[in-house]
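The chains referred to below are lettered A, B, ... by the order of the sequence lines, with proteins before strands, and numbering in each begins at 1.
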Number of protein chains: 2
Amino acid sequence: MTLAEFKSMVSLSKNEICREIFLENAQTIKVKKEERVIHNLGRIFDATLAISNKKGFHAMSLRDLSENAGLSMGALYSYFASKDELLSMIQEQGRRITRRVLEQQIRPDLAPMQKLKAGIIAHLYLSEIMQPWFYFSFMEAKNLEKKQQKDAIASELMTEQVYAAILREGQRAGDFAPTDPDMTAAIIKAMLQEWYVKRWKYRSRQIDVEQYAGFVLNWVEAFVRPANRPVETK
Amino acid sequence: MTLAEFKSMVSLSKNEICREIFLENAQTIKVKKEERVIHNLGRIFDATLAISNKKGFHAMSLRDLSENAGLSMGALYSYFASKDELLSMIQEQGRRITRRVLEQQIRPDLAPMQKLKAGIIAHLYLSEIMQPWFYFSFMEAKNLEKKQQKDAIASELMTEQVYAAILREGQRAGDFAPTDPDMTAAIIKAMLQEWYVKRWKYRSRQIDVEQYAGFVLNWVEAFVRPANRPVETK
DNA sequence: GTCTATATACGGATAGAC
DNA sequence: GTCTATCCGTATATAGAC
C-alpha cells in the first residue's frame, strides 16, 4: 500500500480531528459555535506542537502560544481550563486515532504475515501524517500527571502487544520462527519509533516513508520467517 | 564479555568522572579544593539526573536541586554560572566518555563481525552503567542552546557512522551481506536506544542487559551475515 | 565556601470591558 | 467570544554576612 492510498482510506483531515476533540470536550470548551471552535482548535494545536517540539511543552509559555495561535491569552482559556489540560487533550486524541487505525488496518481475516505487515505499514504511515503529534507524545509523556501517565504507558504496551499477539499467532500456525515474541515486538516498536523521532535524519538523507517501510518489512521478514539461520539463544 | 568484565575494563567511577569535569571546567568552577569539588559535583549531577528524568530539566527548579543535592542555592552557583551551563556540562561529559569507550573497545585488529559485536556490547553495557545520563541526554537534547544542539546532533550521527563504517568494511571483505549500511546502522542505533530509553519495561520483565545484548547480537547476525535469504530491495 | 535574604522577571491564570 | 490589564506565585540569579 502506498502512502497516498493509506491517506484516502483513513480520512484524517485536521477538521475532522478537531471536530472530534470538540465533541469529546464539550463541557470544558466554553465556546459553542462548532465552526469557530474547529478553526481555533486547529490553530492552537498546530502552534502547541510546533513550539513544544522545538523547545519542550514546559518551556512554551502561554504568551508564546497566544502569539503563534493568533489568539489572546484570555481567549485561549475558552478552549481549555489549564495548560495541563491542553496537554492531556492532545495526548488522548492521538492515542484514540492510533488505536482506531490499527484496528481498522489489521483485519482479522488476514494471514499472520499479512497482519504483521499491515500493522507495521499502518503505524509508519500514520506517524508520517501525524509526525508532530507522535514526536510530541513521545517526548512529553513523562510531563503528564500521574493518572495520564498511566494511560500513556498502558497505550505504549498495548501497541506493542498487538504485534506480539500476531507473532504468537504466526508461530502457532507454523508460519513464523520460534523467536521470543515480546522481544521481537519490542524491536519492531523501536523501529517504528525511530521513524518519527528521528524524522530530520531521514529528511536530510532523502529517504521517504515508503522506502523506510520497505526496509523495515524486509528486515522483519528475514528475522521472523523460519529459515536456515542460527536458532534463538533466548 | 559480561557486564562485570566490562566494568573492570573501563574504570568509570563517579569520582573519576567528576574529577575530569572539574579539570575541564576549572575556569567556571569557583571552588578550588579538588576533593570538595568532586564530592559536591557528584551530588549535584546525581540530583539533576534524578529530578530531570522524572519531570524534565526545565521543570526542575534550582530550589528542587538545592534540596536534593544538599547545597544552598548560593552554593550551587559556585559550581556553574547558569542552569544552562549545568545542562551543557552534563551533556558534554557523557559524550566524551561514550566516544572514548567506543574507541577503546572497537580494536582495529578485530575482524568486522567482531568489531560490530564489540561496538554493540560496549554501547549497551555503558548505557547500562550510565543509564540516567543516557536517558537525560536523549530527552533533553532539544533544550540545549543552538551551538550545543549542533554538537549533540553531530555526536548522534558520529556514533551511527561508527557502525556504518564497520558494515562497509565487512561488505568489502565479503563477510557481510550487501545491505544498505546507513540504514542498517540506523536500526542498530535504534535498538541500542531502546535499551536505555525503555529501561523500566525490561526491568519489569526481568530482562537484564546481557540477555538483551544476546538478543540484539542474534538479530544483527541473522540480518548481516550473507545467507539464503531474500535480497534487499534497495 | 556556604549560607540567608532579596532583586527582578516571568509564569499561569482571571476579571471585567467591549 | 475575545481582548486588555492585572493578580500573585515562583523562577533564576546575586549580594553580602559569616
Side-chain angles (χ1 to χ4, degrees), chain A residues 18-19 21-22 25-45 47-48 51-52 54-90 140 143-145 148, chain B residues 18-19 21-22 25-44 47-48 51-52 54-90 140 143-145:
Chain A
C18 289
R19 186 159 175 284
I21 298 182
F22 172 48
N25 300 69
Q27 66 288 28
T28 34
I29 297 176
K30 295 193 193 109
V31 183
K32 293 303 167 199
K33 211 169 168 191
E34 178 168 320
E35 203 180 348
R36 176 173 289 265
V37 174
I38 289 175
H39 177 252
N40 282 339
L41 274 183
R43 299 181 62 94
I44 292 172
F45 292 145
T48 302
I51 301 169
S52 298
K54 226 180 273 175
K55 58 182 191 181
F57 182 76
H58 196 277
M60 172 191 79
S61 72
L62 291 184
R63 285 173 179 83
D64 278 348
L65 179 57
S66 155
E67 260 179 64
N68 276 272
L71 284 166
S72 70
M73 287 195 48
L76 289 180
Y77 278 89
S78 306
Y79 294 90
F80 50 77
S82 72
K83 199 183 168 190
D84 267 342
E85 201 188 78
L86 171 61
L87 180 54
S88 302
M89 270 169 67
I90 295 178
E140 304 297 342
N143 303 330
L144 291 165
E145 289 160 20
Q148 301 279 336
Chain B
C18 289
R19 187 161 175 282
I21 298 182
F22 172 47
N25 300 70
Q27 66 287 30
T28 34
I29 297 177
K30 294 192 193 109
V31 183
K32 292 306 168 198
K33 213 170 167 188
E34 178 169 319
E35 204 181 347
R36 178 174 288 269
V37 174
I38 289 175
H39 176 253
N40 282 339
L41 275 183
R43 299 182 62 94
I44 292 172
T48 302
I51 302 169
S52 298
K54 225 179 275 175
K55 58 183 191 181
F57 181 77
H58 196 278
M60 173 190 78
S61 72
L62 292 185
R63 284 179 182 82
D64 279 348
L65 178 57
S66 155
E67 261 179 61
N68 277 271
L71 285 166
S72 70
M73 288 195 47
L76 289 179
Y77 278 90
S78 305
Y79 294 90
F80 50 78
S82 72
K83 200 184 167 190
D84 267 343
E85 201 188 78
L86 171 61
L87 180 55
S88 303
M89 270 169 65
I90 296 178
E140 304 297 342
N143 302 330
L144 291 164
E145 289 160 19

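- Summarising the geometry, the separation between CD on B:Glu67 and P on C:dC3 is reported as 13 Å, rounded to the nearest angstrom.
- Between B:Val31 and B:Gly74, the residue whose closest nucleotide on DNA chain C is further toward the 5' end is B:Val31.
- Counting heavy-atom neighbours within 6.0 Å of A:Gln27 CD, excluding the residue itself, gives a total above 12.
- Using a 4.0 Å heavy-atom cutoff across all strands shown, A:Lys30 reaches no nucleic acid atom at all.
- Nearer the 5' end of DNA chain D, as judged by each residue's closest nucleotide, is the contact made by A:Gly70, out of B:Met73 and A:Gly70.
- The side chain of B:Arg36 lies closest to C:dG1 when the candidates are C:dG1, D:dG1, D:dC3.
- OP1 or OP2 of C:dG1 has not a single side-chain nitrogen or oxygen of B:Tyr79 nearer than 4.0 Å.
- Here C:dG12 presents its P atom at 14 Å from CG of A:Asn143, a figure rounded to the nearest Å.
- For the pair A:Leu41 CG and D:dT2 P, the computed distance is 11 Å after rounding to whole Å.
- The phosphate of D:dT14 has neither OP1 nor OP2 within less than 4.0 Å of any side-chain N or O from B:Tyr77.
- In this structure, B:Asn25 and B:Phe80 have side chains that are not in contact, with every pair of non-hydrogen atoms separated by 4.5 Å or more.
- Atom NZ of A:Lys83 and atom C1' of C:dT14 are 17 Å apart (whole Å).
- Taking 4.0 angstrom as the limit, B:Arg63 places a side-chain polar atom (N or O) nearer than this to OP1 or OP2 of D:dA11.
- A:Ile44 has its CD1 atom 12 Å from the C1' atom of D:dT2, to the nearest Å.
- Minimum atom distance to the side chain of B:Ser72 is reached by C:dT2, of the listed C:dG12, C:dT2, D:dT2.
- In this entry the distance linking CD of B:Glu85 with C1' of D:dA13 reads 13 Å, nearest Å.
- The residue A:Ser61 sits close only to the backbone: its heavy atoms come under 4.0 Å of sugar-phosphate atoms, none of a base.
- Residues A:Asp84 and A:Asn143 fail the side-chain proximity criterion, which asks for heavy atoms closer than 4.5 Å.
- Look at A:Asn40 and you won't find any side-chain N or O under 4.0 angstrom from OP1 or OP2 of D:dG1.
- Spacing between atom CG of B:Asp84 and atom P of D:dT12 amounts to 11 Å, rounded to whole angstrom units.
- Side chain of A:Lys55 to backbone of B:Leu144: no donor-acceptor contact under 3.5 angstrom is found.
- Open room surrounds NZ on B:Lys54; 12 or fewer heavy atoms of other groups in view lie less than 6.0 Å from it.
- In this structure, of D:dC3, C:dC3, D:dA13, it is D:dA13 that holds the atom nearest to the side chain of B:Leu62.
- For the pair A:Phe57 CZ and C:dG11 C1', the interatomic distance rounds to 13 Å; values are reported in whole Å.
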